[in-house]
There are 2 protein chains.
Amino acid sequence: MFIMRARLKDVAAKAGVAPNTASTILNRKPNSWASEETRERVFKVAEELNYRPSRTALGLRTGSFKAIGLVVPDLHNPFYTAFSDCLERALRKFGYDLILEHSREDMDYQSKCLLSLLDRQIDAVAYFVNDLDKHLDFLAKAKEADKTVVALTGPPPKGAPHLPFDSIQIDFTSGFIEAVDHLIELGHQRFAFLSALSKGQSADGRPEMFNQLLQARGVTEENNIYLTCSHELEDMHRVFKEYLESQPPQRHPTALIALNDLAAIGAMRAAADCGFSVPGDISVVGVDDIPLGCFLPQRLSTIRQPIKDMAEATAMMLLNRLRSSSESSTAVQSKCFNTQFVCRETTSAVSSG
Amino acid sequence: MFIMRARLKDVAAKAGVAPNTASTILNRKPNSWASEETRERVFKVAEELNYRPSRTALGLRTGSFKAIGLVVPDLHNPFYTAFSDCLERALRKFGYDLILEHSREDMDYQSKCLLSLLDRQIDAVAYFVNDLDKHLDFLAKAKEADKTVVALTGPPPKGAPHLPFDSIQIDFTSGFIEAVDHLIELGHQRFAFLSALSKGQSADGRPEMFNQLLQARGVTEENNIYLTCSHELEDMHRVFKEYLESQPPQRHPTALIALNDLAAIGAMRAAADCGFSVPGDISVVGVDDIPLGCFLPQRLSTIRQPIKDMAEATAMMLLNRLRSSSESSTAVQSKCFNTQFVCRETTSAVSSG
DNA sequence: TTGTAAGCGTTATCAG
DNA sequence: CTGATAACGCTTACAA
C-alpha cells in the first residue's frame, strides 16, 4: 500500500474547498479573499499532508521550471566544481536550482548535454565555450528554443564579430603576461606550455599567442615548447614525462606554464619522476587557482581566475535576463574579467649554470 | 519573434495527422499500422522541426521522469565526483539522467536537498548516509513518496536492526586493519586519526573503533590521538598543524590515518609547515584512493574504496528496483564492499630513535 | 488505419 | 469570497 505524494487536489478535498481555491490560498495571492478560517484550514491540511507542489506540473503550467542548467566540461577539475558551487549558491538565493551536466571534455558529447538540458525544460543555460566555432551552432539552438544563454568564454579575437549571446568573458592575457614577465625576470629562457585539450577541440590560436609573447621578450621559438594532452591527470603526467625523457638536457625547459592547475600537478610529478626538483630545476605555473593549490608540498604559483566573481556575475546575468524575458532588451550583454599571476612557491630563479 | 520549441502537435499538424498518430509512430509502437508513407512523412517532419519530446510533459503523463537524484555531500572531494561520474555513466546507458544535489556536508541542508529532488519528481534517489540516526527519518519520507531509495553507507553496527531500505554498504574494517597492521609492522607506536565531520554530524563510534583496533595491538590509549575537522581543506590543514604545534615532541604521532585523502593532503602540508617530512618523520595514510593521490610528490598510501564498483552496483540496484517497481519484491536488498590498504610512498618505517 | 477524449498536477480566467 | 473549466505537452484507451 503506497502512500502517494499529496496533490493539491487531496489538500483541497480534505479541506473541503476546490483545488483552485486551495491554490490561491497557498500561493498567498492578493485576490484571495478567502475567509480567515478557510485559509487556516487549508494551510493546516497542507501541513498535515506534507503537501509540496510538483515542480513539474508547475513548470508545465507556468512555463518556468525554476531551474538553470550548467554544462560542466570536467567534473574532476576543482575549478569547475568551485565554479558550480558558487553559481549554485547564487542562484538558489533566487529560488533557482542548478542542474549539472557533465560533458567530459568531449566536444561532441557537449551538444548531447545541452539537448538533455533543454529536454528537461530548464529556464536557462550557462555554458563553458572552449572552441568558439564548434559551439556557436548549437548554442544558437538553445536560443531558438527561447532559452536564455550565457556563455563562459574568452573574449572574442580582435576583429571577430561580437558573440551572438550574452557572455561572461575571461581574459587570460594579463595573467600570462605577468607570469611570463615574472619568469623572465627570474632568468628563465626556455619555456614549455602544457595545454589540456578537449576531445575534438582545436588548439586555437594559443601556440601563436605564446610565441608572440615570448618572442617579444627575446625568447626564440626553439626555446618555446608547446605540448598538448587530454584532461586526464594521467595523460598530463605522461605527456610531460615523455617529453622530458625524449629530449636532451639542453631542450629541457626551465619554466613550465600548465594551462590549468591540475596539469601543473601532473607535470610536477612528471618532473619529479625524471629527477628534477620544483622549483629548483623547473619552475611551474598553473592556471585557475584552485584551492588545492595552496595545500601541496609546494604551494602552486598560478594565474588566478576570479572564480567566485565569475560565478556570481553569471548568475546575475542569467537572472536579469529571465526577469525581463519578454521585454527582451535585445542588446547582447557581456562582462569581462581579468586574470592575475599569483606568485607562490613553485617558481624561482633559474639555477645558475 | 520567438521560434518556439516544436511540440508534438506541431509535428502532427504539419504532417497532416492527429497528435496521437504522430506519437504512436514516433515511439515505434507495434500497434501503429500507419501506412509506410505516413510514417515517413511524420519522421521527416519531426526531423525538420527538430522535434524533441518534452521530458516534463512525458514524466507527468507516464509517471517516470527518467531521472535519478544523487545527494552529494561534498562536490569538492574528488571521491564524490568520481563516484558521480561512474554512476552517471552507468545510468545513462539505461536512459536515465543523474541529477546532483550538493549538500555541502551540512546535515540540515541535506534534507532540503532531498526535498528539492523529490519536488523535481525524479524516479529514485541515491544517498550518502553518514549519520544513520539523523538520516533515517527523512529517507523514510522519500519512500513514503513512493521513490526508490538506495543508501550508501557503512554496514549497520552489529546487533542494530537492518536498514529499512536498499543499501550499498562499504566496510572499512578490513582496510583499517590492513593499514594499522602495516604501520605497526613498520614500527609505529604513536597514531593519530584525522576525521572530517559534516556540520551536525556526530563522531559515531569511530574513536572507539580505532581505540579497540590499536589496543589489541598493544598501542595504549594515550598514543592514539583522535582529531576532528570540517570538510574544508583549510580546516583539515589547520587542525593538524595546531595539534602538532601545541604538543611536545613526545606527543607527536609517527603515523597519521586521515579519514579521507583530501584530509591526508591537508595534513601533509601541515606536517611540512612544522618541519616534518613525510614519510620520514610522519607516515600518512588516507582513505578513498582518489586518482589525484598518485600524482602528488609522494604517491599517497591509502585505504581504497572500490569507487567504480560501488557506483555500478548502486546503478544496478536502483535500476532493478525501478524495473520491478510495482511487483515490489519487498525484501530489502544490500550489497557490501570491502576496502583495501594500498601501500605507496607516504608510509615508511619509523625512524630509529 | 486514424481520430477523439481523458488525464497527469498545476494555475488562470471567469462566472456564481 | 468560491468553484467550474481550460490549458501546458504528452500518451493511451477507445471509438470511428
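A, B, ... follow the sequence lines: proteins, then strands. Residue 1 opens every chain.
For the pair A:I25 CD1 and D:dG3 C1', the computed distance is 12 Å after rounding to whole Å. Look at CZ on A:R120: it is 15 Å from C1' on D:dG9, rounded to the nearest Å. Per the geometry, CD belonging to A:Q121 stands 20 Å off P belonging to C:dC8, to the nearest Å. Here the P atom of nucleotide C:dT1 and the CZ atom of B:R41 are 14 Å apart, to the nearest Å. If you measure from atom CG of B:L118 to atom P of C:dG9, you get 15 Å, rounded to the nearest angstrom. A straight line from CG of A:L26 to C1' of C:dG9 spans 14 Å, rounded to a whole angstrom. Rounding to whole angstrom units, NZ of residue A:K66 and P of D:dC8 are separated by 22 Å. In this structure, A:R7 places its CZ atom 7 Å from P of C:dC8, rounding to the nearest Å.
In this structure, the nucleotide among C:dT10, D:dC10, D:dT2 sitting nearest to the side chain of B:S54 is D:dC10. Comparing C:dG3, D:dG3, D:dC8 against the side chain of B:A18 picks out C:dG3 as the nearest. Here the nucleotide nearest the side chain of A:L60, chosen from D:dG9, D:dG3, C:dT2, is D:dG9. Distances were taken from every side-chain heavy atom of A:K9 (C-beta onward) to each of D:dC10, C:dC8, D:dT2; the shortest belongs to C:dC8. The side chain of A:T38 lies closest to D:dT2 when the candidates are C:dG9, D:dT2, C:dT2. Taking the side chain of B:P53 as heavy atoms from C-beta on, and the options D:dC10, D:dT2, C:dT10, the nearest nucleotide is D:dC10.
Nearest-nucleotide mapping onto DNA chain C: of B:V17 and A:R52, the residue sitting toward the 5' end is B:V17.
For the pair B:M107/B:H135, a side-chain contact is recorded, criterion being any heavy-atom separation below 4.5 Å from C-beta on. Contact check for A:K147 versus A:D123: no side-chain heavy atoms found under the 4.5 Å cut-off.
Nucleic acid contact for B:R55: none, since no nucleic acid atom lies under 4.0 Å from a heavy atom of the residue. No engagement by A:F65 is indicated, since no non-hydrogen atom pair under 4.0 Å with the nucleic acid exists.
Here the side chain of B:N27 pairs no donor or acceptor atom with the backbone of B:T24 at under 3.5 angstrom. Checked by atom type and distance alone, the side chain of B:R41 pairs as donor or acceptor with a backbone atom of B:A15 at under 3.5 Å.
Checked against the 6.0 Å centroid threshold, B:F128 and B:F83 count as a close aromatic pair.
Crowding of B:K112 atom NZ: a count of heavy atoms from other residues, nucleotides or ligands under 6.0 Å not exceeding 12.
For the side-chain hydrogen bond (donor to acceptor under 3.5 Å, both in side chains) with B:H231, the qualifying choice from B:E105, B:Q201, B:R104 is B:E105, the only one to do so.
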Measure all distances between protein nitrogen or oxygen atoms and nitrogen or oxygen atoms of nucleotides 12-16 of chain D, and list the pairs falling under 3.5 Å.
{"residue": "D:dT12", "atom": "OP2", "partner": "B:K29", "partner atom": "NZ", "Å": "2.6"}

